[in-house]
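Remarks on the structure that follows.
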Amino acid sequence: MKIKLVQGDITKQETTAIVNAANSSLLGGGGVDGAIHRAGGPGILEACRAIRNRQGGCAVGEAVITTGGRLKARYVIHTVGPVWNHGRSHEAHKLEQCYVNSLRLAEDHQCKTIAFPNISTGIYRFPKEQAAKIAVRAVRDFKSTIIEEATFVCYDPENYALYQQELSGTP
Ligand code: ADP
């Protein structure tokens, strides 16, 4: 799997799937979640509601998949990152599971390309440097014969610099 890094807006990505940093309710929120629902239109929320009715939301570390609505991406994979609790609530493992479960779901749907935001590093306050290390390790360690390319989309320059540093290290 090739790994790419870009700075920008994930709603503009032309990958088969984009990942959303959702919350357990799946009913939308602020940050990247709000941006994805705004850009993708009401079809995404409708699909999230159907999943909620079926399984009652999404647990931390898990992921669900919906249509991409009006986005260029065919699918949105909604994963729920952990809220930072000073490392007392297995947040590192849960964040890793977000990346792994999103990649598994992308494989199940034959996605060749996928884009990730910097899950949990906004409203959920996960320390950015640690989050970048976890994200890069999880994606590098995931061996796939289906997914050809994973893109990290950093919105803020601080995350972009951290990912540049992380990705320049030996694979
Ligand atoms: P969380 O609740 O998981 O922390 P946030 O949406 O608050 O989720 O933030 C996650 C990351 O998404 C942050 O690093 C934030 O800068 C970034 N972000 C916000 N809007 C966008 C966007 N349109 N595209 C890509 N990343 C975004």
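All heavy atoms count here, side chains included; hydrogens, waters and symmetry mates do not. Indexing begins at 1, ligand by ligand and atom by atom, following the structure's order.
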**Request:** Say whether Thr121, considering both its backbone and side-chain N or O atoms, lies within less than 3.5 Å of an N or O atom on ligand 1.
**Result:** yes
**Prompt:** Does Thr11 have a heavy atom less than 4.0 Å from any atom of ligand 1?
**Reply:** no
**Request:** Please determine if Tyr155 has a nitrogen or oxygen closer than 3.5 Å to a nitrogen or oxygen of ligand 1.
**Result:** no
**Request:** Please answer whether the main-chain N or O of Pro82 pairs with a side-chain N or O of Ser120 as donor and acceptor at a distance below 3.5 Å.
**Result:** yes
**Asked** Centres of the Trp84 and Phe126 rings: under 6.0 Å?
**Response** yes
**Prompt:** Applying a strict 4.0 Å limit to heavy atoms, is Ser120 in contact with ligand 1?
**Reply:** yes
**Item:** Which residue and heavy atom of the protein sit nearest atom 7 (O) of ligand 1, plus the separation
**Value:** Ile123 N, 2.8 Å
**Asked** Using a heavy-atom cut-off of under 4.0 Å, does the side chain or the backbone of Ile36 touch ligand 1, or both, or neither?
**Response** neither
**Message:** Just checking Glu46: does its CD atom have more than 12 heavy atoms from other residues, nucleotides or ligands closer to it than 6.0 angstrom?
**Reply:** no
**Prompt:** When only distance counts, is Val32 in polar contact with ligand 1, meaning an N/O pair under 3.5 Å?
**Reply:** yes
**Request:** Return the orientation label for the Phe116 and Tyr99 ring planes: parallel under 30°, perpendicular over 60°, tilted otherwise.
**Result:** tilted
**Asked** How long is the gap from CD1 on Ile134 to CD on Glu91, to the nearest 0.5 Å?
**Response** 9.0 Å
**Fill in**
closest protein heavy atom to atom 8 (O) of ligand 1 is Ala21 CB, 3.9 Å
**Asked** Identify the closest protein heavy atom to atom 16 (O) of ligand 1: which residue and atom is it, and at what distance?
**Response** Asp156 OD1, 3.3 Å
**Complete:** Asn159 heavy atoms within 4.0 Å reach ligand 1 at atoms 14 (O)
**Request:** Take Val32 and Asn20, measure what side chain to side chain contact (heavy atoms under 4.5 Å, CB included) needs, and give me the verdict at the end.
**Result:** CA-CA 7 Å; Val32 70; Asn20 180 18; 3.9 Å; yes
**Message:** Can you check which of Val6, Ile10, Val80, Asn20 brings a heavy atom nearest to atom 25 (C) of ligand 1?
**Reply:** Ile10
**Asked** Would you find a donor on one side and an acceptor on the other, under 3.5 Å apart, between the side chain of Lys143 and the backbone of Arg140?
**Response** yes
**Prompt:** Which pairs, with at least one residue in residues 72-87 and sequence neighbours excluded, count as a salt bridge (Lys or Arg N to Asp or Glu O under 4.0 Å)?
**Reply:** Glu14-Lys72
**Request:** Start with the C-alpha distance between Tyr155 and Ile10, add both sets of side-chain angles, then the distance that settles side chain to side chain contact (heavy atoms under 4.5 Å, CB included), and finish with yes or no.
**Result:** CA-CA 8 Å; Tyr155 196 64; Ile10 200 161; over 6 Å; no
**Message:** Any nitrogen or oxygen of Asp9 lying under 3.5 Å from a nitrogen or oxygen in ligand 1? Just yes or no.
**Reply:** yes
**Nearest heavy atoms of Ile36 and Ile44, plus distance in Å** = O-CD1, 4.0 Å
**Prompt:** What protein heavy atom sits nearest atom 11 (C) of ligand 1, and how far away is it?
**Reply:** Asn118 O, 3.3 Å
**Prompt:** N/O to N/O below 3.5 Å, does that happen between Gly122 and ligand 1?
**Reply:** yes
**Message:** Need the ligand 1 atom indices (1-based, order shown) with element for anything under 4.0 Å from a heavy-atom of Ala35.
**Reply:** 23 (N)
